[in-house]
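The first residue in the sequence is number 1, and the count goes up from there.
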Amino acid sequence: MSMLVDLGKGIVDAFGKLGTNLILDDKTIDAVIRDVTMALLKADVNASYVQKLRDEVKSQLDPKKIAEGANKRDLVRQAIIQSLIKLVDPGIPPFQPKKGKTNVVMFVGLQGSGKTTTVAKYARYYQRKGFKPALICADTFRAGAFEQLQQNATKIKVPFWGKKDETDPLVIAETGVNFMKQEKFDLIIVDTSGRHKQSADLLNEMEQVANTIKPDDIVLVMDSSIGQSAYDQAAAFRSKVKIGSVIITKLDGHAKGGGALAAVAATNSPITFLGDGEGFDALRVFNPSSFISTLIG
Ligand code: GDP
C-alpha cells in the first residue's frame with residue numbers, strides 16, 4: 001500500500017517506544033504522541049487534523065481520568081488507534097444500492113483522478129453482486145471521454161448511454177437516466193465531467209446535473225497523490241453538492257495517501273472503496289477499523 005506502509009511503520013515504531021516498563025511517565029507518552037504526529041504529517045495528513053488528534057489523545061490520557069492500576073500502555077495505544085480510526089471514519093453509514101429499486105449514482109471528481117476507471121470498477125463490483133448496472137457518459141468536456149467509457153462498458157459487458165454530438169450534459173444525463181430506468185436497470189451510474197482544477201464551471205455543471213437527475217448517491221473520486229490540497233478539493237465539491245461517499249484511487253502508486261484519507265474526516269463523508277490498480281477488479285471495500293489494523297498490523 002505504497003507510502004501508507006511508511007505511515008504504518010512510523011506508528012508501530014512509535015508504539016515500540018512504550019516499552020515494557022510498568023510505569024509510563026509523561027515524557028514517554030509525549031514522545032510517542034510526537035512520533036505518531038510526525039508520521040502522520042509525513043504522510044500528508046492535514047496539520048490542523050494532526051493537532052486535533054494530538055489534543056484528543058492527550059485528553060484521553062489525562063491522569064485525572066485514568067483509573068488507578070490501569071494499563072497505561074494499552075490506554076496510549078487504544079487512544080491513538082481510536083483517533084486514527086476517527087480520521088478515516090466520519091461515523092456515517094454510506095449509501096448502499098438496494099435491490100428491487102432503481103439506484104442512481106453520480107460520480108464526480110477532477111480530471112485524471114481515475115473517475116471513469118472507477119465507474120467501471122464500481123459497475124463490475126455490483127454486477128457481481130447481482131445488480132443490473134448501466135453507465136451514462138455525461139462528460140461532454142473531455143475529448144475522448146465518450147470512447148473511454150464506451151470501451152470500458154464493452155469490456156465489462158455493461159450497457160452504455162451517451163451522445164457524442166450532444167454538448168449539454170444535462171440533456172444526456174436526463175435522457176440517459178430515463179431511458180435506463182425504462183429498461184429496468186437497477187443501478188444507473190452517471191459519469192460527469194472533470195476539470196483540471198475545481199473551477200466554478202465544473203462545480204456549477206455538477207450542481208445542475210445533480211439537481212436534474214436527483215441521484216441517490218454522489219461519489220467523489222479522489223486521487224491519493226494530491227497531498228495537502230485534498231482538503232480544499234473535497235470541501236469545494238461538498239460546498240455544491242451532497243457528497244455521499246468517497247473513493248480514493250491509486251493507492252498502489254507512490255502516493256502518501258494521508259491527505260486524501262484525512263480530507264474525508266474533514267468533509268464528513270465516508271470512504272466506501274479504495275482503488276489500487278488500473279484493472280477493473282482493483283477495487284477494495286473500505287472498512288475503517290480493519291484498514292487501520294492492517295496499516296499498523
Ligand atoms: P478521469 O479523468 O478521472 O476519468 O481518470 P481516468 O479514469 O481516465 O484515469 C486516469 C488514469 O489513472 C488512467 O491511466 C487510469 O488507468 C489510471 N487509474 C485510475 N485508477 C487507478 C488506480 O487505482 N491505480 C492506478 N495505478 N491507476 C489508476
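- The two residues Val57 and Ser83 come nearest to each other via the heavy atoms CG2-OG, 3.4 Å.
- Proximity of Asp281 to Arg128: side-chain heavy atoms (C-beta onward) are separated by under 4.5 Å at one or more points.
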Pair Phe141-Leu202, side chain to side chain contact (heavy atoms under 4.5 Å, CB included): steps then yes or no: CA-CA 9 Å; Phe141 183 76; Leu202 164 70; over 6 Å; no
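- Between the side chain of Asn204 and the main chain of Ala200, a donor-acceptor pair closer than 3.5 Å is present.
- Once rounded to the nearest 0.5 Å, the distance linking OG1 of Thr102 with CE of Met180 reads 12.5 Å.
- Annotation for Pro94 and Thr272: closest pair CB-CG2, 3.4 Å, computed over non-hydrogen atoms.
- Using a 4.5 Å cut-off on side-chain heavy atoms (C-beta onward), Thr117 and Gln148 make contact.
- Environment of NZ in Lys98: crowded, with over 12 heavy atoms of neighbouring residues, nucleotides or ligands closer than 6.0 Å.
- Within the 3.5 Å criterion, the main-chain N or O of Ile243 finds a donor-acceptor partner in the side chain of Ser269.
- The minimum heavy-atom distance linking Ala123 with Pro133 is given by the pair O-CG, 3.5 Å.
- For the pair Leu84/Leu40, a side-chain contact is recorded, criterion being any heavy-atom separation below 4.5 Å from C-beta on.
- Judged purely by distance below 3.5 Å, without hydrogens or angles, the side chains of Asp201 and Ser199 never pair a donor atom with an acceptor atom.
- For the atom pair CD of Glu166 and SG of Cys137, the computed distance is 11.5 Å after rounding to the nearest 0.5 Å.
- The number of heavy-atom neighbours closer than 6.0 Å to NZ of Lys101, taken from other residues, nucleotides and ligands shown, is above 12.
- Rounded to the nearest 0.5 angstrom, Leu135 CG and Ile189 CD1 are separated by 5.5 Å.
- Panel note: side chain Lys115, backbone Thr192; a donor-acceptor pair is recorded below 3.5 Å.
- Ile85 and Ser289 make their closest contact through CD1-CB, 3.7 Å (heavy atoms, listed as atom of the first residue, atom of the second, distance).
- Linking Ile, Leu, Val, Met, Phe, Trp and Tyr residues whenever their side-chain heavy atoms come within less than 4.5 Å places Val285 and Phe95 in a single cluster.
- In this structure, Leu251 and Gly257 approach most closely via the heavy-atom pair CD2-CA, 4.3 Å.
- Not one N or O on the side chain of Ser245 forms a donor-acceptor pair closer than 3.5 Å with the backbone of Val219.
- The cluster map of Ile, Leu, Val, Met, Phe, Trp and Tyr, joined by side-chain heavy atoms under 4.5 Å apart, puts Val246 and Leu110 in the same cluster.
- In this structure, the side chain of Thr116 does not engage the main chain of Leu149 through any donor-acceptor pair within 3.5 Å.
- Phe131 and Ile136 are not part of a single hydrophobic cluster, where members link through side-chain heavy atoms under 4.5 Å apart.
- In this structure, the side chain of Ser224 engages the main chain of Lys250 through a donor-acceptor pair within 3.5 Å.
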Taking distance alone, no hydrogens or angles, what donor-acceptor pairs closer than 3.5 Å link side-chain atoms of residues 155-163 to residues at least two apart or in another chain?
none

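- Residues Asp216 and Val105 are not in side-chain contact: their nearest non-hydrogen atoms beyond the backbone lie 4.5 Å or more apart.
- Using a 30° and 60° split on the angle between ring planes, Tyr126 and Phe273 fall in the perpendicular class, above 60°.
- In this structure, Asp186 contributes its side chain and Lys99 its backbone to no donor-acceptor pair below 3.5 Å.
- Tracing side-chain contacts under 4.5 Å through hydrophobic residues (I, L, V, M, F, W, Y), one reaches Leu220 starting from Leu274; they form part of the same cluster.
- Hydrophobic clustering (ILVMFWY, side-chain heavy atoms < 4.5 Å, transitive): Val12 and Val32 are in one cluster.
- Between Met206 and Met106 there is a side-chain heavy-atom pair separated by less than 4.5 Å.
- Contact check for Val88 versus Ile292: side-chain heavy atoms found under the 4.5 Å cut-off.
- With rounding to the nearest 0.5 angstrom, the CZ atom of Phe237 is 8.0 Å from the CE atom of Met222.
- Looking at Asp276, its side chain never comes within 3.5 Å of a backbone N or O of Asp252 through a donor-acceptor pair.
- Taking 4.5 Å as the limit, every side-chain heavy atom of Ser113 sits out of range of all side-chain heavy atoms of Phe107.
- Judged purely by atom type and a 3.5 angstrom limit, Lys214 uses its side chain to pair as donor or acceptor with the backbone of Asn211.
- Taking both residues in full, the closest heavy atoms of Gly194 and Asp139 are given as N-OD2, 4.2 Å, listed atom of the first, atom of the second, then distance.
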From CA spacing to verdict: salt bridge (charged side-chain N to carboxylate O under 4.0 Å, His left out), Lys17, Asp13: CA-CA 7 Å; Lys17 287 202 178 154; Asp13 288 351; over 6 Å; no
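- Here the side chains of Thr140 and Ser193 are in contact, with some heavy-atom distance below 4.5 Å.
- Taking OH from Tyr49 and CZ from Arg54, the interatomic distance works out to 14.0 Å, rounded to the nearest 0.5 Å.
- Listed by first and then second residue, the salt bridge (Lys or Arg N to Asp or Glu O under 4.0 Å) pairs involving residues 288-297 amount to none (not counting sequence neighbours).
- Ion pairing between a basic and an acidic side chain is recognised when a charged N comes within 4.0 Å of a carboxylate O; Asp6 and Lys256 show no such pairing.
- Annotation: the span from Ile218 atom CD1 to Lys242 atom NZ amounts to 8.5 Å, rounded to 0.5 Å.
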